[in-house]
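One structure is given below, encoded as structure tokens.
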Amino acid sequence: MSTVLDVQHLTTHYRTLRGWVRAVEDVSFKIEKGQALGIAGESGCGKTTVAMSLLKILPKGGRIRKGSIIFDGLDLVPLSNNEMRQIRWKGIAIVFQGAMNALNPVFKVGDQIVEAIRTHEPDVDRRSGMDRARSLLELVGVEPHRVDNYPHEFSGGMRQRALIAMALACNPKLLVADEPGTALDVIVQAQTLKLMRELKDRLDLSMVMISHDLSIIAETCEKVAIMYAGRIVEYGDAEDIFKEPLHPYTQGLVKAFPSIKGERVRLTSIPGSPPDLLNPPTGCRFNPRCPYVMDVCRKEVPPLKMQGNEDHLVACHLY
Ligand code: SF4
């Protein structure tokens, strides 16, 4: 297997009037060809900032302050915006959350896909762009003649599929999906995830799937990184972590989701709320909410260390 993406010590902060918000701190992970990595955690844990850092589309004030993002052998961090244009869409593409709002309501779906193709491949003429748009819609399970429809003529699930088709328009090697099921009902959400799994296998795509829902990640991804307050606290095989989480935060996340199989158990939530990342707690950032907190947790940042097998890493002083 070859490595498509190798992120090392990624540190992304946002400059605000009150100081730097430390949104992502020292995050490292790798993705092999044809493999999917899920990034899970509560809102505000930094998962979307990781996704935006990969494409270097951070909002104003956001800056990658340290680390490297090696995509296909090339470090993206020092690249200019012009150089990044060659990478976006053709190398790494993103499916944003909120299918309802991501398409322009005044243009036909086919025209929007053609525009995405011609922006990144200016030599493609309109007719062959439209042929590709039809094939792309077919690939994601929408009838090709629907290229002539406006977004309001599509259901929520079809719009999500159209966005996935648009992201695949220039045959990227890596697809980043930011909460792809958000705002869709559970049945359409399950169909979208099934489609993403099928596309990953059929096109040998590598994927980063961002979600707050661990069960979505366990179903779609081989690997998972659990983020808390800007740091990865547990990393490993998605199924193993879902079945036997080691970090107290991951244990809390797993207990917060219902299981439709097995015994009926009362769901629990993690007390407290995520910290202010302008002034995060010293030591382990989870210490104010952790039921197992010790003195050392308030002083020293726990390193991400191997547990059991070399693929399972946990950042906690308990281990
Ligand atoms: Fe809890 Fe300490 Fe582990 Fe952090 S390092 S999760 S505070 S036990």
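One-based numbering, in listed order, for ligands and for the atoms of each.
For ligand 1, the atoms sitting less than 4.0 Å from at least one non-hydrogen atom of Y292 are 8 (S), numbered in the order shown with element in parentheses. Close approach to H247 involves these atoms of ligand 1, each under 4.0 Å from a residue heavy atom: 6 (S). If you number the atoms of ligand 1 from 1 as listed, the ones under 4.0 Å from a heavy atom of C297 come out as 2 (Fe), 5 (S), 7 (S), 8 (S). Here is the list of ligand 1 atoms found below 4.0 Å of a heavy atom in P248: 6 (S). Short contacts between ligand 1 and N287, defined as distances under 4.0 Å to a heavy atom of the residue, involve ligand atoms 7 (S).
R63 forms no cation-pi arrangement with W20, by the criterion of a distance under 6.0 Å to the ring centre and an angle within 45° of the ring axis.
Among protein heavy atoms, atom 5 (S) of ligand 1 sits closest to H317 N, 3.3 Å. Here the protein heavy atom with the shortest distance to atom 1 (Fe) of ligand 1 is C290 SG, 2.3 Å. Among protein heavy atoms, atom 4 (Fe) of ligand 1 sits closest to C284 SG, 2.4 Å.
A salt bridge links K223 with D311: at least one charged nitrogen is closer than 4.0 Å to a carboxylate oxygen. R285 and E300 are not joined by a salt bridge, as no carboxylate oxygen comes within less than 4.0 angstrom of a charged side-chain nitrogen. Under a 4.0 Å N-O distance rule, the pair E42/K47 does not qualify as a salt bridge. Ion pairing between a basic and an acidic side chain is recognised when a charged N comes within 4.0 Å of a carboxylate O; D204 and K173 show no such pairing. Residues K194 and E219 are not paired through a salt bridge, judged by the lack of any N-O separation under 4.0 Å between the basic side chain and the carboxylate.
Heavy atoms from both the backbone and the side chain of C316 come within less than 4.0 Å of ligand 1.
Not a single heavy atom of R285 sits under 4.0 Å from any atom of ligand 1.
Remark: D295 CG is loosely packed, at most 12 non-hydrogen atoms of other residues, nucleotides or ligands lying under 6.0 Å away.
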